[in-house]
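Worksheet: one structure, shown below.
Letters go in sequence order (proteins before strands), and every chain restarts at 1. Predicted, not measured: the structure shown is a model, and the values here were computed from it.
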Amino acid sequence: MVKNLFIECHRCEQCGNTTLAEKKVCPKCGGTEIATTQSDGKGRIVDSTLVYYPPDEYKDLAPYTSVLVQLDNGCRLFAIIKSEHGDIDPGSPVTLVDKDEGRGAMFFQLD
Amino acid sequence: MARRVGIIGTGMARSGTSAVPSWILFADAALEAVKEAGLKLGDIQGLHFGNAYSATTEFQTNISPLVLSVLGIENHIPCVRYEAACCSGSIAFRQGYLNILSGAYDIMLVGGAERLRGVPSTVSQGAMSASMADVERKAGLTFSAYFALAAKEYARRYGLPMDRLQELLAAISVKSHYHGSFNKRAHFQKAITLADVMNSPMVSPPIKVMDSCPFSDGAAALVLAPEEIARNYKHTVWIEGSGQASGNSIIAESADLTAVPAAEKAVADALKQARMSITEIQIAEVHDCSSIREVMCLEASGLFKKGEGVYSAAERKTYFDGALPVNISGGLKSRGHPVGATGAYQLCELSRELRGDWDGVKPKNDPEVGITVNIGGGGAVATSHILRK
């Protein structure tokens, strides 16, 4: 069964700035109409590195690839690609494939 | 015309591993600072104390009155603890400075202490990761991974092959350890080679273990006084400028991972207050929790042009005998990083370097004016102070 995966983002209705972290006021334009919006988890790699010394709660995954992703809606966030990929070319398309509701991580996969 | 404020006493515990709690470690540093100032403990009018993690690492809050209790100070002076990650100690210093500048108080005891080594490492690591915004900590991001991305972006921007970047960064760690090998209070008092750094295990490529500072225990204290008192001391170092700023708390929202806007602002504000140009600075203690962070400090402050900070140690410009000595204490890499005390160490060290009684390797350029740059978290907080002998 395919999971219904999405990422809840916060979008400024005035300028469109979209963030993962909740804002009451938009840091770009000062707008106060911030709506939640769902991303389907498609985006592109901004940059990546490997994590050999993880926080305790992610020790079981190490080494893993920590990625900065820009979603198609403009929101930038850090996520994990399970497995050791080394350098991933910036701009590579990726998709959300799993969420760890307990620990909070989002897992992406290269398209 | 604002009051002029001077540093009349400095004191530092050895950075490393402490068997005693942070509030007791701080008392040793405080007694040294008060003795240097030739004062009695009863002369102190207030305590501003920096500490980031005692709630977690030592299960102790309300720590500043405990510091006074250890020192036997029972004359009911005000005290407070500041938490701003790696800037806790320098912010405590700045608040004591502002108290005197306002005219409300004259003699203040400031500084910080931290205990990260003499407690279980999982506790220290957990505590330190809490200095990152939860949305990113939960995403499995680490500070070293952030520095890795900053270093990769830096290399791309300035056309450096990755192995060349790693060698240039390694030269910064070699310099820090060389300087730290002369510092009796340093956590690691041992010189290292380029090969030691290059062959050390990878943390997050291109960042290696020996690009990264240790967690340390430590405490540093200073006594501050207004001009009418401070001018009576031969060893007074004057606070010419003080800046503090905030930046992106959330790293993913940073427009440029190689920049530290909070440090740029803190330095600019300190220079403006001092009515100085950065080109007048002759010595610096900057935040080098990772070797790339030293580059970022050198460039955010304007001490080096963008794209040139990475060559600073390899070209020996920032050695004790270079044109601009940087971190002759050994920096966070070698002196160590007792987080809530680090900013106070930098200020004690710079004071002694300017006074000429620094007992480590001495700067060859006989500096009269210097700067500190202290950064917390992923650049969320920063302070900068300009001191003159």
Compile the donor-acceptor pairs, distance criterion under 3.5 Å only, formed between chain A and chain B.
from	atom 1	to	atom 2	distance (Å)
A:Lys23	NZ	B:Glu253	OE1	2.8
A:Lys23	NZ	B:Glu253	OE2	3.1
A:Asp47	OD1	B:Lys152	NZ	3.2
A:Asp47	OD2	B:Arg156	NH2	2.5
A:Ser48	O	B:Lys152	NZ	2.5
A:Thr49	OG1	B:Pro205	O	2.8
A:Leu50	O	B:Ser204	OG	2.6
A:Tyr52	N	B:Val203	O	3.0
A:Tyr58	OH	B:Lys138	O	2.5
A:Tyr64	OH	B:Gly140	O	2.7
A:Arg76	NE	B:Ala252	O	3.2
A:Arg76	NH2	B:Ser254	O	3.2
A:Asp87	OD1	B:Lys152	NZ	2.9
A:Ala105	N	B:Lys138	O	3.3

Under 4.5 Å from any heavy atom of chain A - which part of B:Ile250: side chain

Interface moiety of B:Ile251 toward chain A, non-hydrogen atoms closer than 4.5 Å: both

A:Leu68/B:Leu257 under side-chain contact (heavy atoms from CB on, under 4.5 Å): CA gap, chis, key distance, verdict: CA-CA 11 Å; A:Leu68 178 56; B:Leu257 286 174; 4.0 Å; yes

Over all atoms of both residues, closest heavy-atom pair of B:Pro205 and A:Leu50: CD-O, 3.5 Å

Non-hydrogen atoms of A:Val51 and B:Ala145 that approach each other most closely: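 In terms of heavy atoms, the two residues are closest at CG2-CB, 4.0 Å.
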
Chain B contact via A:Pro63 - which portion, at a heavy-atom distance below 4.5 Å: neither

